[in-house]
Amino acid sequence: MKKIIFVLAIVSSVSAFAQKSFEKNTNVVAFGADLGIYSYTSKVATNPKSDHSAAANKMLSLQYERGVLNWLGVGAKVQLSDYFTSEDTATHSTPSIKAIDITALVNAHFVRAKYVDMLGGFNIGYSNINWEQRDQAISSAKGGGLVFDIHLQPRFYFGKYVGMFINLAYVHYAYRNMDFKNTFTNYNDVLDLTGGGVNFGIGIQGKF
């Protein structure tokens, strides 16, 4: 009986001090690159009709997360987006569409093995977008609005501190009352742009 108690005590001791990929007070800094495929609905205030269009972009992000519980992390994320565009056949110019997202993040870590960290969570914050087309009819649309995502992210560590991750997320944007302007026709209006889709990407992270 004493031997059994002794063995159980040893096992419990080892388990208590076993290294976890994420714990309370863990700090994680991550850099990622994603591709996004979205569907947007746009509506100009003076026009009763709305338009639907597909969009795709590439993103670079930097995020910081800190463990507030062994399984819960909070932090912040900054993301730069650059939308894929094509040349306008009428004006022979290529639009530029860029956005920056600044969000708070909350992650729940449901698998915390030594080299594997599986988490799910959400980001919520503010996004600013700027659309410009430089030609004889200079047009632009700029403004901001709410952005949120729901994501699933497995992280893999090569050692104690450095690893890589895969990101899969659904993201939604709601840009309201954007300033829409076409100086060629001296036309000003307000534009709403809403929609979202799927992000998929990879990145690297370090923890300390």
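- S127 and Y175 get closest at one heavy-atom pair: OG-OH, 2.7 Å.
- No side-chain donor-acceptor contact under 3.5 Å links S42 to the backbone of L193.
- Counting only residues at least two apart or in different chains, side-chain hydrogen bond (donor to acceptor under 3.5 Å, both in side chains) contacts with residues 110-122 comprise H109-D117.
- The CG atom of N25 lies 11.5 Å from the CZ atom of F208; values are rounded to the nearest 0.5 Å.
- Evaluation of the salt bridge (Lys or Arg N to Asp or Glu O under 4.0 Å) rule for K43 yields no partner, not counting sequence neighbours.
- To the nearest 0.5 Å, atom CG of residue N199 and atom CG of residue N123 are 10.0 Å apart.
- Using a 4.5 Å heavy-atom threshold, the side chains of N130 and K142 count as touching.
- Nearest heavy-atom pair across Y170 and G196 is CE1-C, 4.4 Å.
- Here the closest heavy-atom approach between residue P95 and residue W131 is recorded as CB-NE1, 3.7 Å.
- Considering only heavy atoms from C-beta on, D101 stays 4.5 Å or farther from V78 through its side chain.
- Nearest heavy atom pair, residue Q205 against residue A30, reads CB-CB, 3.8 Å.
- With rounding to the nearest 0.5 Å, the separation of CD1 in I97 from OG1 in T94 is 11.0 Å.
- For R176, the salt bridge (Lys or Arg N to Asp or Glu O under 4.0 Å) partners two or more places apart in sequence, or in a different chain, are D192.
- For the pair V171 and V147, the minimum side-chain heavy-atom distance is below 4.5 Å.
- Residue L80 places its CG atom among more than 12 non-hydrogen atoms of other residues, nucleotides or ligands, all under 6.0 Å distant.
- Between Y173 and I129, the closest side-chain pair of non-hydrogen atoms is not below 4.5 Å.
- Among residues two or more places apart in sequence or in another chain, the side-chain contact (heavy atoms from CB on, under 4.5 Å) test is passed with N57 by Y38, M59, S81, Y83.
- In the hydrophobic clustering (ILVMFWY side chains linked at under 4.5 Å, chained through shared members), F84 is joined by L35.
- Counting non-hydrogen atoms of neighbouring residues, nucleotides and ligands closer than 6.0 angstrom, the NZ atom of K58 exceeds 12 such neighbours.
- Residues Y64 and I102 do not share a hydrophobic cluster, clusters being chains of Ile/Leu/Val/Met/Phe/Trp/Tyr side chains in contact below 4.5 Å.
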Let me have the donor-acceptor pairs involving side chains of residues 151-169, under 3.5 Å, with sequence neighbours excluded, atom names and distances please.
unit_1: H151; atom_1: ND1; unit_2: D149; atom_2: OD1; d: 2.9
unit_1: H151; atom_1: NE2; unit_2: N107; atom_2: OD1; d: 2.7
unit_1: Q153; atom_1: OE1; unit_2: R155; atom_2: NE; d: 3.1
unit_1: Q153; atom_1: OE1; unit_2: R155; atom_2: NH2; d: 3.4
unit_1: Q153; atom_1: NE2; unit_2: N167; atom_2: OD1; d: 3.1
unit_1: R155; atom_1: NH1; unit_2: E65; atom_2: OE1; d: 3.3
unit_1: R155; atom_1: NH2; unit_2: E65; atom_2: OE1; d: 2.9
unit_1: N167; atom_1: ND2; unit_2: D34; atom_2: OD2; d: 3.1

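- At least one side-chain heavy atom of Q63 sits under 4.5 Å from a side-chain heavy atom of L105.
- Checked against side-chain contact (heavy atoms from CB on, under 4.5 Å), D189 has the following partners two or more places apart in sequence or in another chain: V44, A45, T46, F180, Y187.
- Residues forming a side-chain contact (heavy atoms from CB on, under 4.5 Å) with I37 (at least two apart in sequence, or on another chain): none.
- Not a single side-chain contact (heavy atoms from CB on, under 4.5 Å) links S39 to another residue, sequence neighbours left out.
- Residues meeting the side-chain hydrogen bond (donor to acceptor under 3.5 Å, both in side chains) test with N70, sequence neighbours left out: none.
- Here the closest heavy-atom approach between residue L60 and residue A33 is recorded as CD2-CB, 4.0 Å.
- Residues F31 and S61 form no side-chain contact, since every pair of their non-hydrogen atoms from C-beta on lies 4.5 Å or further apart.
- Membership of an apolar cluster is not assigned to I150, as no side-chain contact below 4.5 Å to another ILVMFWY residue is traced.
- Hydrophobic cluster membership for L69: V68, W71, L72, V74, V106, F122, I124, L146, F148 (Ile, Leu, Val, Met, Phe, Trp, Tyr linked by side-chain heavy atoms under 4.5 Å, directly or transitively).
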